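The structure presented is a predicted model; accordingly, all values stated were derived computationally and were not measured. Residue numbers start from 1 in every chain, and the chains themselves are labelled A, B, ... in the order their sequence lines are given, proteins ahead of strands.
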2 protein chains.
Amino acid sequence: MKKYLSLLKNSKLFQGISEEELTSMLDCLSAVTRSYHKGECVFGRGERIDSVALLLEGSVHIQKEDYWGNLSILSEISEGEIFGEVYACLGSDEMLNDAVAVKPCKVLFLDVKRILTMCPSACQFHGRLIRNLLTVLAQKNKILTQKLEHMSRRTTREKLLSYLSEQSLRAGSPVFDIPFNRQQLADFLSVDRSAMSAELCRMRDEGILSFDRNHFILK
Amino acid sequence: MKKYLSLLKNSKLFQGISEEELTSMLDCLSAVTRSYHKGECVFGRGERIDSVALLLEGSVHIQKEDYWGNLSILSEISEGEIFGEVYACLGSDEMLNDAVAVKPCKVLFLDVKRILTMCPSACQFHGRLIRNLLTVLAQKNKILTQKLEHMSRRTTREKLLSYLSEQSLRAGSPVFDIPFNRQQLADFLSVDRSAMSAELCRMRDEGILSFDRNHFILK
DNA sequence: GCCTTTCTGTTGTATTTACAACTGTCTTGT
DNA sequence: ACAAGACAGTTGTAAATACAACAGAAAGGC
């Protein structure tokens with residue numbers, strides 16, 4: 001676990017919490033880690049969970065497959081981020097999505113009840129932890145709202161431009177990488193892969209952007 | 001304010017907080033109320049806010065209009081619900097949407113810093129308030145996810161069925177009212193109003209559902 | 001009661017998309 | 001080095017959508 005201390009210290013959940021405090025906290029929160037193979041489910045639809053997951057290594061997609069096998073990717077979780085916090089906070093609600101490892105992953109689980117109720121006055125950092133969790137929820141809320149904005153566009157081109165503009169803004173540069181391949185991006189934006197691919201090439205030919213695989217340059 | 005005490009007591013934000021505690025809390029949170037005419041903005045895009053809004057009376061739409069005047073409705077806020085909590089919690093972030101009164105409204109503003117930092121040990125209900133805020137954020141997160149699910153459907157019919165099924169589940173009955181007229185529903189689902197209207201009638205003719213204005217029956 | 005405005009439904013057309021099938025390139029494992 | 005599989009791009013067609021313009025019904029104001 002020592003290996004991940006700096007990752008944890010810099011994560012949004014543990015921001016502002018000292019390293020020694022963090023170590024003792026992990027015991028309090030009954031932290032356990034588990035590894036997952038590519039393609040394995042960390043959380044499955046219909047489950048009820050009471051732990052927040054923090055991704056130590058790898059990459060996770062929050063996604064859903066419908067009756068006909070159509071995949072819809074809700075979000076991509078990268079190292080240091082948490083997931084499952086919504087259902088862990090809501091306790092009795094069943095999960096509506098799967099959390100799937102898209103690479104070999106290592107995940108840290110933290111009991112959310114202990115985050116919310118443990119030693120309310122004893123730990124000086126406990127209040128900080130709860131406020132951090134609140135901030136993460138608010139940020140995720142904002143990200144979902146931005147995704148809704150991409151999806152509310154009518155055409156594939158507009159969806160792409162909306163998404164790529166946001167990625168560019170987030171990177172603070174017209175040059176950036178995206179965390180998806182073509183099929184994943186199509187499943188993320190809910191469009192047809194081949195149509196999207198064609199649209200990307202059309203925009204490239206028009207000089208709006210250029211790209212190579214998942215590396216993009218907006219102009 | 002007395003007039004609204006029972007509304008507040010039953011709101012998700014103040015759930016589990018006694019009536020006398022609530023009264024004294026409102027002072028601590030520097031609560032102020034304001035009225036709005038139909039069409040007025042409670043919050044505007046680009047603003048930075050430090051208060052959570054609680055809707056005492058009326059109805060508010062969280063929405064966004066793009067360059068070409070296309071309206072996109074993100075969510076509908078009804079009496080007793082809060083809004084603006086994401087940006088109030090994130091402090092420095094600019095709002096990306098407008099909050100618009102769609103009826104005459106009365107809104108209660110609560111300073112979010114005082115929710116997060118006031119008398120951490122003195123008030124026994126203060127911890128409850130923070131946890132309530134966390135729960136509300138988690139619930140909104142889930143609602144946004146459900147909306148993303150509607151929007152990820154490819155056809156207008158699928159979007160409608162996804163939305164109407166959820167409304168039916170929420171109402172716990174195949175008979176329910178929706179809080180939108182046709183234009184608003186179309187702006188909410190990001191589809192063309194007339195095409196949506198036609199699709200609804202087609203579904204009615206096929207016996208899938210029946211409706212009158214905003215009153216629906218699923219079969 | 002009447003006029004105006006809002007709301008809903010209808011139709012036709014041009015645009016856009018989904019879907020399927022296929023090609024060529026790159027990657028991976030052996 | 002080779003084969004198998006993953007990935008990106010291309011094309012054609014059927015289906016669905018957006019858009020515009022219009023008509024009738026309902027609601028609201030005077």
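Looking only at atom types and distance, the side chain of B:Glu47 has no donor-acceptor partner in the side chain of B:Tyr87 under 3.5 Å away. For the residue pair A:Ser59 / A:Glu76, a side-chain donor-acceptor distance below 3.5 Å is found, with atom types taken as modelled.
Residues from residues 198-219 of chain B lying near DNA chain C, meaning a heavy-atom separation below 4.0 Å, are B:Cys201, B:Phe211, B:Arg213 in numerical order.
Contacts of B:Ser197 with the nucleic acid, taken as non-hydrogen atoms under 4.0 Å apart, include base atoms.
The existence of a salt bridge linking B:Glu166 and B:Arg170 is confirmed by a sub-4.0 Å separation between a basic side-chain nitrogen and an acidic carboxylate oxygen. One finds a salt bridge joining A:Glu57 and A:Lys3 here, because a Lys/Arg side-chain nitrogen approaches an Asp/Glu carboxylate oxygen to under 4.0 Å. One finds no salt bridge joining B:Lys12 and B:Glu81 here, because no Lys/Arg side-chain nitrogen approaches an Asp/Glu carboxylate oxygen to under 4.0 Å.
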Polar atom pairs between nucleotides 19-23 of chain C and protein, under 3.5 Å, N or O only, would you list them?
| residue | atom | partner | partner atom | Å |
| --- | --- | --- | --- | --- |
| C:dA20 | N6 | A:Ser194 | OG | 3.2 |

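Between the axis at the start and the axis at the end of the helix from C:dG1-D:dC30 to C:dT30-D:dA1 there is an angle of 60°, using five pairs per end and rounding to 10 degrees.
Between A:Phe83 and A:His61, the ring center distance fails the sub-6.0 Å criterion.
Contact annotation: A:Thr156 side-chain N/O to C:dT17 OP1/OP2 distance is under 4.0 Å.
One distance of note links OG of A:Ser35 with NZ of A:Lys106; it measures 4.5 Å at 0.5 Å rounding.
Tested against B:Lys64 for a side chain to side chain contact (heavy atoms under 4.5 Å, CB included), the candidates B:Asn70, B:Asn97, B:Leu74 yield a single pass: B:Asn97.
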